[in-house]
Each structure stands twice: as structure tokens, then as C-alpha cells.
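Every number for a ligand or one of its atoms is a count from 1 in the order of the listing.
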Amino acid sequence: MRISIIIPAYNEEGNIHKIHTEIESVFKDLDYSYEIIFVNDGSVDDTEKKILELTGLDSNVKLISFSKNFGHMSALIAGYNHCQSDAAITMDCDLQHPPELIKDLVLKWEEGFEIVNTLRIDDDQKDIFKKYTSSYFYKLFAGVSGVPIEKGSADYRLIDKKVIREINLLKEHEIFLRGMFYWLGFNRTSIAYTPNERYSGKTKYNFRKMLLFAINGITSFSTVPLKMITILGFFVSCLSFLYLGYTLYSYFFTTNVISGWTSLAISTLFLGGVQLIALGVLGEYVGRIFIESKNRPRYVVKTKKGF
Ligand code: UDP
Ligand code: MG
């Protein structure tokens with residue numbers, strides 16, 4: 001039985017050797033053979049060089065190198081696409097996902113779970129902003145999509161080869177893996193862990209990437225935002241009917257009809273705003289259809305080593 005460890009790496013030169021030794025020592029205590037698939041997501045530092053050094057020293061290390069940065073999700077998918085083992089574990093390269101936890105993931109797998117998720121305990125998360133945005137995102141996501149992703153869900157998980165096969169069959173381009181593992185079903189469980197500090201380098205998820213990730217996640221799992229627009233439109237129409245009554249009343253029964261500028265300005269601005277939001281949300285979904293219909297590959301591989 002073999003386990004693949006899939007590690008997306010984007011400018012992680014300082015972490016490659018460290019994570020390799022940690023995983024090596026974890027597997028000394030485990031009765032499985034293993035391989036480490038590093039997915040170099042278009043790094044511009046020495047990440048690729050460091051991984052290539054390792055492939056020369058250790059035949060368990062494999063490399064997939066993208067032609068440019070395609071993003072974390074695509075890197076995870078590439079790992080699954082190239083994985084031939086009985087189970088795959090995905091983890092971050094920065095050692096925030098403690099490698100010792102691999103043993104617990106494997107134990108759960110041996111108990112018969114096909115998906116073993118991990119939940120980050122956020123109690124002493126230094127980055128207050130990340131902590132709150134992430135926790136509110138999962139509430140919102142669960143609310144609109146009906147997919148209850150627990151807060152603190154991370155892309156540190158073990159999946160069985162049955163699940164890998166299903167993932168590899170999915171044709172969606174903009175894939176939101178955390179939701180997908182719920183949608184797929186199977187026997188699931190999760191274990192909690194306390195994240196480490198990033199070993200070296202800095203986070204690749206800035207506010208912009210986090211926002212895109214959130215919008216992607218919601219629009220790929222739910223059409224509720226579209227329904228909300230319809231409801232909003234309905235309410236605004238009702239309100240404007242009431243307002244119509246008021247204007248007619250003023251016209252026929254009062255004398256001060258000229259003084260309508262304020263209300264006119266407000267209603268124009270308000271309606272304009274609502275329409276822009278509506279267009280934006282519609283555009284988001286149309287955009288997704290556009291992207292999916294082009295059916296482009298999720299990533300382009302520049303080089304592979306060890307396969
Ligand atoms: N990552 C990637 N491509 C990207 C951004 C990130 O492969 O475009 C990888 C990164 O190298 C790391 C993991 O995804 O292994 C998680 O990223 P990071 O640690 O920066 O995110 P955070 O833990 O701060 O949310
Ligand atoms: Mg990290």
C-alpha cells in the first residue's frame with residue numbers, strides 16, 4: 001500500500017527541505033511506502049531548484065512544474081491527476097499543517113473512512129483579519145449553499161483512491177474542493193489540529209485572492225445570489241408602486257409638486273445601485289458559463305520529474 005503526499009508550492013524555497021525531512025521521519029514509523037508529489041505552481045524563486053535537488057537524492061520525491069502560476073486549487077488537482085497510490089494526502093508547503101498529523105489521518109483511513117478532513121483550531125491565530133473573514137465566509141457559504149463546511153476547514157486531508165478517481169472525473173474548471181468533498185459523499189470524518197507558524201516565507205493568500213476564492217466558492221455551489229436579486233427586485237418594485245401613489249397624491253391634492261428633487265435623486269441612485277449589483281451577480285454566473293464552456297485545461301505542465 002502506498003500513500004501520496006501532494007504539496008502545492010508557490011515560492012516556498014525555504015520550506016522544501018524542511019517539509020521533506022519531516023515527512024520522511026513520519027513515514028519511518030508507518031508501515032506504508034510513500035511518494036511526495038511537489039506541484040510547483042509557477043514559483044519565481046528557487047523552489048523548483050530545491051525540489052529537483054531532492055528528486056536526485058530521494059526516489060520518493062516527484063515534481064510537477066507548471067508553466068506559470070495557476071493557483072492553489074489547480075495545483076491540488078494536478079496532484080490528484082498524477083497520483084496512482086491507495087490514498088492521497090494534500091498539505092501546505094509552509095509546515096502550518098503539522099506533518100505528525102499524517103499518522104492520525106492514516107489511522108482514520110485504516111478505520112474505513114474514505115475522506116479524512118482536518119479542522120484548524122483558530123484559538124491563537126495571530127492574523128485576526130484572516131480568522132474572522134474565514135469564519136464568516138463559512139457561515140455565509142453554509143447558509144446560501146446548504147453545504148455545511150465547518151469553520152477552520154483546511155486543504156489538509158486524506159482521501160482514498162476511490163475518491164481520487166471521482167475527483168479526476170470531474171469536469172468543472174472552477175472547482176471549489178472544500179465543497180466538492182462534501183458533495184461527493186463517502187464516509188467522512190475530521191480531526192482537529194493546531195496550526196504551526198509558517199516555517200519560512202510569507203502567505204500567498206492576500207485579500208484579493210481570499211475574496212476571489214470566496215466568490216468562486218459561493219457561485220460554484222449555489223444559485224441563491226440569483227434568487228436574492230429577484231427578491232430584491234420584487235421589493236424595490238413594490239416600494240416604487242407605493243411611491244407612485246404618493247406622487248399621484250401630491251400631484252392632485254397638494255400644491256408643492258416642484259420640490260421633488262431629493263426624492264428623485266435618492267430613488268435614481270438607489271435603483272442604479274441595485275441594478276449594478278444585479279448585473280454584477282448575473283455577470284458572475286455568465287462568466288462562469290463562459291469559462292466552463294471553453295473547456296480549457298486547468299493547468300499547463302512545463303516539466304515532470306520522477307513519474
Ligand atoms: N499556493 C499555491 N499557489 C498559489 C498560492 C498558494 O500553490 O497561487 C500554495 C502555497 O505554496 C502553500 C499553500 O498553497 O503551500 C497555502 O498557501 P499559504 O500558506 O500562502 O496560505 P495561508 O496558509 O496563508 O492561507
Ligand atoms: Mg500557510
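With contacts defined as side-chain heavy-atom distances shorter than 4.5 Å, the pair Arg157/Thr118 does not qualify. Side-chain contact check for Leu184 versus Ile167: some heavy-atom pair is nearer than 4.5 Å. No side-chain heavy atom of Lys68 sits under 4.5 Å from any side-chain heavy atom of Val300. Under the 4.5 Å side-chain criterion, counting only non-hydrogen atoms from C-beta, Lys204 is in contact with Glu12.
When the shell of 6.0 Å around CZ of Phe213 is examined, it contains more than 12 heavy atoms from other residues, nucleotides or ligands.
Near Glu12, meaning under 4.0 Å from one of its heavy atoms, ligand 1 places the atoms 10 (C), 11 (O), 12 (C), 15 (O). Of all the atoms in ligand 1, the ones that sit under 4.0 Å from a non-hydrogen atom of Lys209 are 4 (C), 5 (C), 8 (O). The atoms of ligand 1 that sit less than 4.0 Å from any heavy atom of Asp92 are 13 (C), 15 (O), 16 (C), 23 (O). The atoms of ligand 1 that sit less than 4.0 Å from any heavy atom of Gly71 are 3 (N), 8 (O). Taking a cut-off of under 4.0 Å to the non-hydrogen atoms of Arg198, the atoms of ligand 1 that pass are 18 (P), 19 (O), 20 (O). For ligand 1, the atoms lying closer than 4.0 Å to a non-hydrogen atom of Ala9 are 7 (O), 11 (O). Those atoms of ligand 1 with a heavy atom of Asn69 less than 4.0 angstrom away are 3 (N), 4 (C), 8 (O).
Not a single heavy atom of Met91 sits closer than 4.0 Å to an atom of ligand 1.
Each side-chain hydrogen bond (donor to acceptor under 3.5 Å, both in side chains) pair with one or both residues in residues 180-189, not counting sequence neighbours, would appear here, but there are none.
When atom types are taken as modelled, the side chain of Asn196 and the backbone of Tyr199 share no donor-acceptor pair closer than 3.5 angstrom.
Using a 4.0 Å cut-off between charged nitrogen and carboxylate oxygen, Lys28 and Glu24 do not count as a salt-bridge pair. Salt-bridge annotation for Lys161 and Glu114: absent, with no side-chain N of the basic residue lying under 4.0 Å from a carboxylate O of the acidic one.
With respect to atom 25 (O) of ligand 1, the closest heavy atom belonging to the protein is Lys130 NZ, 3.2 Å. Tyr10 CB, 3.8 Å is the protein heavy atom nearest to atom 1 (N) of ligand 1. The nearest protein atom to atom 24 (O) of ligand 1, hydrogens excluded, is given as Thr203 OG1, 2.5 Å; this is a heavy-atom distance. Shortest contact from atom 19 (O) of ligand 1 to any protein heavy atom: Asp94 OD2, 2.7 Å. Among all protein heavy atoms, the one lying closest to atom 21 (O) of ligand 1 is Tyr205 CD1, 3.3 Å. Counting only heavy atoms of the protein, atom 23 (O) of ligand 1 lies nearest to Gln96 OE1, 2.8 Å. Atom 9 (C) of ligand 1 has as its closest protein heavy atom Pro8 O, 3.9 Å.
Side-chain polar atoms of Asp41 and His72 form no donor-acceptor pair below 3.5 angstrom. Between the side chains of Glu13 and Thr47, no donor-acceptor pair is found at a separation under 3.5 Å. Under the 3.5 Å distance criterion, with hydrogens and angles disregarded, no donor-acceptor pair is assigned to the side chains of Asn117 and Ser190. Between Tyr299 and Asn81, the side chains place a donor N or O and an acceptor N or O closer than 3.5 Å (distance only, hydrogens not considered).
Heavy atoms from both the backbone and the side chain of Cys93 come within less than 4.0 Å of ligand 1.
Using the six-membered ring where Trp is involved, Tyr243 and Tyr246 have ring planes that are tilted, between 30° and 60° apart. The aromatic rings of Tyr156 and His97 lie parallel to each other, with less than 30° between the two planes, well short of the 60° mark.
The shortest N or O to N or O distance between Ala75 and ligand 1 is not below 3.5 Å. Close N/O approach between Lys204 and ligand 1 is found [any backbone or side-chain N/O within under 3.5 Å].
Counting only non-hydrogen atoms, the option in Asn40, Val39, Asp41 that gets closest to atom 4 (C) of ligand 1 is Asp41.
Protein nitrogen, oxygen and sulfur atoms, that is N, O or S, within less than 2.8 Å of the Mg ion (ligand 2) amount to 2.
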